[in-house]
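Computation of the quantities below employed the complete heavy-atom set of this structure, encompassing side-chain atoms and omitting hydrogens, waters and symmetry-equivalent molecules. Values in this document were obtained by computation on a predicted structure and should not be read as measured data. Residue numbers start at 1 and run along the sequence shown.
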Amino acid sequence: MSLLDQLAEQGIWEEFLAHRLKKGRLTWSTFELADSYVAEERYLPVVERLLQGEGMSIPQKHLVNKMGNGRKRVVYSFSDDEMNVLKAMSFLLYRYDSLLSPNCYSFRQGLTAHDALHQVLTNLEGRRMWAYKLDIHDYFNSIPIHLLLPILHEVMADDSRLYAFFEQLLSDGRALFKGEIIHENRGVMAGTPISPFLANIYLMELDRHFAEANVVYARYSDDIILFAPDRATLEEYIATLSAFLEKYQLQANPDKVRVFSPEEAFDFLGFKCMGRSIDIADATKRKMKDKIRRRTRSLLRWRCRNNVPAEVTVKVLIKQFNKKFYESEDPETLTWSRWFFPMINRMDGLKEIDHYMQENIRFLATGKHNKANFRWRYSHLKELGYRSLVHEFYAASKI
């Protein structure tokens, strides 16, 4: 039976919902809505179109802020019903998970980014190693479809109808942008539920090469790190990795390529690691502080233009960053604390961001950077809703 046929089975959808609930991707209220969606079989019109070979509609192209730094990244989406079907499809695509190497950690069944970091640190225990880290530039949207399809054809040799669906979907370079149909190289369309699976499949050969060579190596989507006992061996590994990227027509982001000596802490997935010490990476702190600074200045301009009371403006800033750090109405959104708190065992990064946040709150209140700002005491900031990262970390550690 083709995977496409399975999408028409209500039992499969019930398994899919149970999986999402278990993973924390649904609250009980959203689960009830999703359960009604499945009970009423509202997915069937889209599934029947796929079974008849009609394929998906033209996706919408969106430009969204990238990590709050003002730059934009491109993501794609289909209609709500089509996105739901693609989410269920991505769940069924776990049947190919065993084809992936154990050093690939992104969007795997039973694996997380934290597992990647844990495994790397375990493999490095008691060893002095050089490290090389890179980030693939615009990975999802830059994957050449003419190179991906032969790999996909081999992977899906057991399901020709599923392969035909992907061939049709990926070969169609149309997108809706600002109300017009455009033609472009969409890659595997970042933002769509099936793109992580395709991104994993595309670099299977690279992952397998380093696994079979017993190299300490980990890949999480577009982030790659590898280790070597000396600089000369590291250079050999770098040459091999570069050759793979050239073969697959991918480019490293030059701003995110780093070599770390054995005496240095290395960065991976936003963490800074030295031995068993894990803190927040310098780049992560820098991005968050940039985000705080930009938002503070924007709110200060708004406050001055509209003569808004200081406390009102401060509450807005605090609320926005509390949401970013700790809260999200969308259960699929991984908050900052949920990403970092389970892994770190040092407080330096949290203390630095706390200090910077408090500085900016006081600056927003007074419009100045001077000692008089400390008239806004810490106790008053707490009354306005401020929540210290260090305090919240310790509170979470006791749970």
Side-chain angles (χ1 to χ4, degrees), residues 1-9 12 15-16 19 46-47 50-51 53-56 59 76 78 82-83 85-112 115-116 136 138-173 185-213 217-224 240-241 243-250:
M1 177 187 291
S2 172
L3 184 149
L4 298 179
D5 293 309
Q6 290 181 278
L7 287 170
E9 297 180 5
I12 291 294
E15 289 180 24
F16 169 55
H19 167 76
V46 174
V47 174
L50 301 188
L51 291 173
E54 295 181 19
M56 308 290 285
Y76 297 87
F78 293 90
E82 288 174 320
M83 291 291 275
V85 169
L86 290 177
K87 288 176 183 178
M89 181 182 291
S90 68
F91 168 68
L92 293 176
L93 287 169
Y94 278 138
R95 77 187 197 186
Y96 296 109
D97 196 68
S98 61
L99 298 177
L100 301 172
S101 293
N103 53 14
C104 173
Y105 292 89
S106 46
F107 317 107
R108 299 289 303 278
Q109 192 166 27
L111 291 177
T112 68
D115 293 316
I136 301 173
D138 194 24
Y139 178 43
F140 284 35
N141 295 333
S142 66
I143 292 177
I145 299 306
H146 72 282
L147 295 180
L148 171 62
L149 287 177
I151 300 171
L152 212 54
H153 187 268
E154 183 177 351
V155 167
M156 297 178 177
D158 63 332
D159 195 339
S160 59
R161 292 170 63 198
L162 179 62
Y163 171 75
F165 161 77
F166 275 107
E167 182 180 35
Q168 181 184 40
L169 175 68
L170 298 173
S171 299
D172 185 346
N185 296 319
R186 305 178 312 192
V188 298
M189 292 176 288
T192 60
I194 41 82
S195 61
F197 164 77
L198 297 170
N200 277 353
I201 291 294
Y202 189 57
L203 287 180
M204 284 194 308
E205 183 187 12
L206 169 64
D207 301 333
R208 189 179 301 118
H209 170 84
F210 284 110
E212 292 175 351
Y217 164 104
R219 179 168 72 90
Y220 190 89
S221 188
D222 57 353
D223 286 320
I224 298 174
T240 299
L241 178 53
F244 270 107
L245 294 184
E246 183 176 357
K247 175 181 177 180
Y248 288 105
Q249 297 182 15
L250 300 171

Exercise for the section: Report the distance from atom CD1 of Ile143 to atom OH of Tyr202, rounding to the nearest 0.5 Å. Expected result: 7.0 Å
Problem - Residues that Glu167 engages under side-chain contact (heavy atoms from CB on, under 4.5 Å), provided they are two or more places apart - result: Leu149, Tyr163, Ser171
Exercise for the section: Write down the atom of Tyr139, the atom of Ala199, and the distance for their closest heavy-atom approach. Expected result: OH-O, 2.6 Å
Handout entry: Short side-chain to backbone donor-acceptor contact, Ser101 and Asn103, under 3.5 Å
Key = no
Handout entry: Sub-4.5 Å side-chain heavy-atom contact between Glu15 and Phe91
Key = yes
Practice task
Evaluate the side-chain proximity of Arg186 to Ile145: yes if any heavy-atom separation is below 4.5 Å, no if none is.
Solution key: no
Problem - Rounded distance [0.5 Å steps], CG in Leu170 versus CG in Asn185 - result: 12.0 Å
Completion exercise
One should read off an interatomic distance between Asp222 CG and Phe140 CZ, to the nearest 0.5 angstrom, of 7.0 Å
Practice task
With side-chain contact (heavy atoms from CB on, under 4.5 Å) as the test, would you mind laying out the steps for Phe16 and Lys87 before giving the verdict?
Solution key: CA-CA 9 Å; Phe16 169 55; Lys87 288 176 183 178; 3.6 Å; yes
Problem - Residues that Tyr105 engages under side-chain hydrogen bond (donor to acceptor under 3.5 Å, both in side chains), provided they are two or more places apart - result: none
Practice task
Return the minimal non-hydrogen interatomic distance between Met189 and Ser195, and the atom names on each side.
Solution key: O-CB, 3.4 Å
Handout entry: Test item: Asn141 side-chain N/O and Ala190 main-chain N/O as donor-acceptor pair under 3.5 Å
Key = yes
Problem - side-chain contact (heavy atoms from CB on, under 4.5 Å) assessment of Arg95 paired with Asp159 - result: CA-CA 12 Å; Arg95 77 187 197 186; Asp159 195 339; 2.8 Å; yes
Exercise for the section: Please report the shortest heavy-atom distance between Lys247 and Leu147, naming the atom on each side. Expected result: O-CD1, 3.8 Å
Exercise for the section: Apply side-chain hydrogen bond (donor to acceptor under 3.5 Å, both in side chains) to Tyr220 and list each qualifying residue two or more places apart in sequence or on a separate chain. Expected result: none
Practice task
For Arg219, enumerate each residue passing the side-chain hydrogen bond (donor to acceptor under 3.5 Å, both in side chains) test, keeping only those at least two apart in sequence or located in another chain.
Solution key: Asp207
Result block: side-chain N/O donor-acceptor pairs under 3.5 angstrom for residues 150-158, not counting sequence neighbours:
from   : atom 1 : to    : atom 2 : distance (Å)
Asp158 : OD1    : Tyr96 : OH     : 2.9

Practice task
Hey, could you give me the CG/CD1 distance between Leu7 and Ile12, rounded to the nearest 0.5 Å?
Solution key: 8.5 Å
Exercise for the section: Could you grab the distance from atom CZ of Phe165 to atom CD1 of Ile194, nearest 0.5 Å is fine? Expected result: 6.5 Å
Practice task
Would you sort out whether Leu4 and Met89 count as a side-chain contact (heavy atoms from CB on, under 4.5 Å), showing the intermediate values?
Solution key: CA-CA 8 Å; Leu4 298 179; Met89 181 182 291; 3.9 Å; yes
Fill in the blank from the handout: Here the gap from Tyr94 atom OH to Phe107 atom CZ, rounded to the nearest 0.5 Å, amounts to 9.5 Å
Completion exercise
Nearest heavy-atom approach of Ser90 to Pro193 is CB-O, 3.6 Å
Practice task
Could you tell me whether the side chain of Ile201 reaches within less than 4.5 Å of the side chain of Leu100, counting heavy atoms only?
Solution key: yes
Handout entry: Side-chain touch Met1/Glu9, heavy atoms, less than 4.5 angstrom
Key = yes
Exercise for the section: Compare every heavy atom of Asp115 with every heavy atom of Gly110, then report the nearest pair and how far apart it is. Expected result: O-OD2, 3.8 Å
Exercise for the section: Using the test side-chain hydrogen bond (donor to acceptor under 3.5 Å, both in side chains), find all partners of Ser106 that sit at least two apart in sequence or belong to another chain. Expected result: Asn200
Exercise for the section: Evaluate the side-chain proximity of Val46 to Phe78: yes if any heavy-atom separation is below 4.5 Å, no if none is. Expected result: no
